[in-house]
Every structure is written in C-alpha cells, then in structure tokens.
2 protein chains.
Amino acid sequence: MNNSRTRRRGEELIAAIHAAVIEEVMEVGVGRLTMDGIGKRAATARTTLYRRWSDPIEVLLDALYHAHPVEEPSPGADDLRGDLIRALRLMRDWMLSPAGHAVASILTDPVSASKISEELVDRVFAVRGGTFTNTVLRHYAERGHFPAELLTPVVADIGEALVTKRLIDTRTPPSDADLADMVDQAILPAIGLGPDVRGRRRPDPEA
Amino acid sequence: MNNSRTRRRGEELIAAIHAAVIEEVMEVGVGRLTMDGIGKRAATARTTLYRRWSDPIEVLLDALYHAHPVEEPSPGADDLRGDLIRALRLMRDWMLSPAGHAVASILTDPVSASKISEELVDRVFAVRGGTFTNTVLRHYAERGHFPAELLTPVVADIGEALVTKRLIDTRTPPSDADLADMVDQAILPAIGLGPDVRGRRRPDPEA
DNA sequence: GGAATTAGATACACGAGTGTAGCTTAGGAT
DNA sequence: ATCCTAAGCTACACTCGTGTATCTAATTCC
C-alpha cells in the first residue's frame, strides 16, 4: 500500500486512523462507514483495523472517546452577556469541527445510538447537555446577578438548542450577531433580564 | 414472493412502498437504506422499485413528499399559553412519528442532504422552520397580546429548538409538563411575559 | 371475454465490503 | 546484532446489494 520508508506504529498510527474515521463520517455519514473506507483514508491495511476494532462504528466511537475535550467557557470578566455569547461561540465552533459533525451524526443514527456507552456520553456528549452556557449561567447565578431559581434545566438548554436548530435547518452556522440575538432575545429574558422592547441593542445591565 | 390472490397496483402499492421506506429508515438510518431492504419490507420485487425510482434515497424523498402534511396548530381560544403548549405537543408527536424520524434522519445525512429539492423543503421540512409555535405567536401578536417587535426569528424558534434538543440528547420525548416548562420558562419570558420567580405554575396572564 | 398494463418472480453478472489467513518486513527493545 | 512485536500486503471465499433482462400471471379497461 505504501512503500515509504516510514511505517507508523502505536499512537501515531492510531491517531491517523482516528482522524480518518472522523473525516470519513463527515463525508459519507455513519451509515456508510466501512472498514475499507477508513483504511484507505488512513492509508493502512484493513487487517490493521481488525486487529483493534470489530467494526467501523467501534472505530468511530473510539475516535470520539479520544478526541480532544472541548474547550470550556471561562466566566472571567464581570460580563454575563459577553460570556454567554462567548460560550455559544465555543459551541458553534465545536459543532463545525469534524468531531462535532461526528457526534451529531452518531446521535441521529439508529444503529450506533444503541452502542454508545455511559462513559462516552459523559466524556464526549455531555458538552451538548448544556455545559456551554450552563457553566456561565451557574457562575453568575451564584454571584446573585439573577435569581438562581430561574436557572432551570430548560433555561440552561436554550442557547445550545437554538444553535443546534439553526445548524440543522439552515445548514449554515449562526454568525456572531445571530448568537448575540439568541442571548438577548431568548436567554437573558428567561433569567429576568429583558427583553428590551426597543429591539436589538442590549448592553449588559448586570446587577 | 407472495402467492396471495391479491396483487397490489398503482396507488395502493406505492403507498405500501412509501410506508416501507419510512419504516426502514427509522430502523437502519438513511445511510443503510437499500432497494433490497425496502423491497423486502414492502413485500415487492426490486424490479418494481427500479421501474419508478433510481435509488433508495429517491424512494425516501418521494415518500416524504407524499406524506400527510402535519396538522397545523389552530389558535382558537383566547389562551396563548395553552395554544403554545398544544403547538409544541403537535410538534413532539410529529417528531415521534415515522415521518418525523425520517425527516430528522435526512437532514443530518451528508449524502441525502444535497439531494433535497427546494420544493421538498417547503412542503415537508418547513414545519421545522417554526410553523408550530410561530403560527400561534403571530396570531396573538397581531391581536396585541404582546409587542410584535418581540417576535423575532430567534423567538419563533425557541420552542421547536428546545423540543428538538431534548429529543436529540435524551432520546426521550418531553412530557406535557416538560412542554409547559418550556413555554413558561423560555417562550413567554422572551415575549415579555414573565418569568415567574416563584416557579413552575403560571396561569396565562393574557392581556 | 380479450387486450393492455404492470406487478411478481427468477436469474445473472458485477462490484463492494467482509473477515480471516499467511507471509514479509520495519521499528523498537535488549 | 538479534529478537520480537506489529504493520503492511496479498489472497480468498463469502455475503449483500446492484441493475438489468426475461418470463408469468393478476388486474383493469373496454
């Protein structure tokens, strides 16, 4: 297959395979994943794959398990609105990454859905469970910027839900301005700040 | 294949095939759709399928195109909150139906995504674009129950987005109580009604 | 009742992916 | 320098899906 003088082994090879399966799923979808396709893309022999995994979905799950964890939003400055927007930006960028696509792909596939372990869910998928804006919201709720009772599971989901939906039905990522609108028009009102009837602009009123 | 005295033709046969492909996609996903699988499930010969469609995705798209349109929410009573909940209930039930699954499946599949026509989008997918709560919200906005400027595209999406997200990440449909929470804690606040700090209960304050 | 239509069945050559076996050889360890 | 592990390669038998061709018989139309 490859006559080159270098033959990859161990970590290096596995990393290449992980990258390959994630690219592959982005291109053909989970349902059309094959050992053959993964092998070709990673420039390795099918036998090598079978030595480690039993089928394409196992390869994918393993790849996701070892994927770099998503950067977490750090509520640094005293700027709720800004931090929320930043959190959504992180989420949007992650969803646009190959790993993000792969996760979305797996979650909507009937076959692979049943194979995902508890551990994987915690490690990889939990980010979708609201980690992004939730981290920020909890931080500011604890500091009394808004009543903590308002931070319900539903409210913690609003931002991520809107970003997800936008991606699904328009297939184009929301711009930074779109994210700001989501924060201003949906999240902030839900925690008792707003909405501003006069429209789009909304500097963070904070305390 | 089937020795029975009755041989289906025309409409009847096509309807059976449509039903079959939609069941099939629910079970195996778009990526694993095959003419063979569809044929077997519909108890018809593959030749019959090829006479009409060139590949499995075409069959699926045709099925969706001919699917019964989703029931639209009718904002009848003077009950914004109740109508919103009913709208979300309609949406949830539709998403749980085979057709709903099929649509979700197609929208997240990289291959079929490129084959969907403008027409199909308008006819079938538009419901996800906000038709459910949007219909209700527009109705009450026009009647002055809340300021119309607040009904932005983002706000029109909140309910559907939350329902979608809940389904994707927990894989269990939201209960009626969950839907009520979404309305109370996310939609109503966004249009200037609430949130009620004391918590869950929220009779429609209306005008 | 006869003709036209079209579903059903069967067969076939083909390609793609599978899972395994066996061999060769590069890379790393000692 | 040698040994051992593991990657690369080839081959094979097998299954599944494809697309087409051909024949048959059920249904419908008149």
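So that the names make sense, note that chain A is the first sequence line, chain B the second, and so on, each numbered from 1.
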Practice item. Assess whether one donor atom and one acceptor atom, taken from the side chain of Arg51(B) and the base of dG8(C), lie less than 3.5 Å apart. Key: yes

Check your understanding: dG19(C) base to Arg46(A) side chain: any donor-acceptor pair below 3.5 Å?
Key -> yes

Check your understanding: Within less than 4.0 Å of OP1 or OP2 of dA7(C), is there a side-chain N or O belonging to Thr44(B)?
Key -> no

**Study point:** Integer-rounded Å distance: dG27(C) C1' and Leu13(A) CG
**Key:** 13 Å

Review point. Between Tyr50(A) and Thr48(B), who's closer to the 5' end of DNA chain C by nearest nucleotide?
Key: Thr48(B)

Exercise for review: Answer yes or no: does a side-chain N or O of Arg52(B) lie under 4.0 Å from OP1 or OP2 of dA7(C)?
Suggested key: yes

Review point. Parallel, tilted or perpendicular: which describes the rings of His66(A) and His18(A), with under 30° parallel and over 60° perpendicular?
Key: parallel

Practice item. May I ask you to say whether Arg89(B) pairs ionically with Asp93(B), meaning some side-chain N is under 4.0 Å from a carboxylate O? Key: no

Check your understanding: Is Glu58(B) salt-bridged to Lys115(B), going by a charged N under 4.0 Å from an acidic O?
Key -> yes

Check your understanding: Please give, in whole Å, the distance from dA26(C) C1' to Glu12(A) CD?
Key -> 13 Å

Check your understanding: Any salt bridge between Asp62(B) and Arg52(B), counting N to O under 4.0 Å?
Key -> no

Point to revise | Value in whole Å for how far the P atom of dG17(D) lies from CD1 of Ile38(B) | key: 11 Å

Review point. To the nearest Å, how far apart are Glu11(B) CD and dT28(D) C1'?
Key: 15 Å

Review point. Taking atom C1' of dG17(D) as reference, at what distance in whole Å does atom CD1 of Ile57(B) sit?
Key: 15 Å

**Study point:** Separation between CD1 of Ile106(B) and NE2 of His101(B), rounded to the nearest 0.5 Å
**Key:** 14.5 Å

Review point. Does any donor-acceptor pair link the side chain of Arg9(B) with the base of dT28(D) at a separation under 3.5 Å?
Key: no

Check your understanding: Please, which pairs that meet ring-ring contact (aromatic ring centres under 6.0 Å, His included) have at least one residue in residues 149-191 of chain A, sequence neighbours excluded?
Key -> none

Point to revise | Gap separating the CD1 atom of Ile38(B) from the CD atom of Glu23(B), nearest 0.5 angstrom | key: 11.5 Å

Check your understanding: What is the distance, rounded to the nearest whole Å, between atom CH2 of Trp53(A) and atom C1' of dA7(D)?
Key -> 12 Å

Review point. Within less than 4.0 Å of OP1 or OP2 of dG8(C), is there a side-chain N or O belonging to Thr47(B)?
Key: no

Review point. Between Arg7(B) (CZ) and dA26(D) (P), how many Å, whole number?
Key: 6 Å

Review point. Of all of residues 27-36 of chain A, which get a heavy atom below 4.0 angstrom from DNA chain C, listed by number?
Key: Thr34(A), Met35(A), Asp36(A)

Review point. To the nearest Å, how far apart are Lys40(A) NZ and dT10(D) C1'?
Key: 14 Å

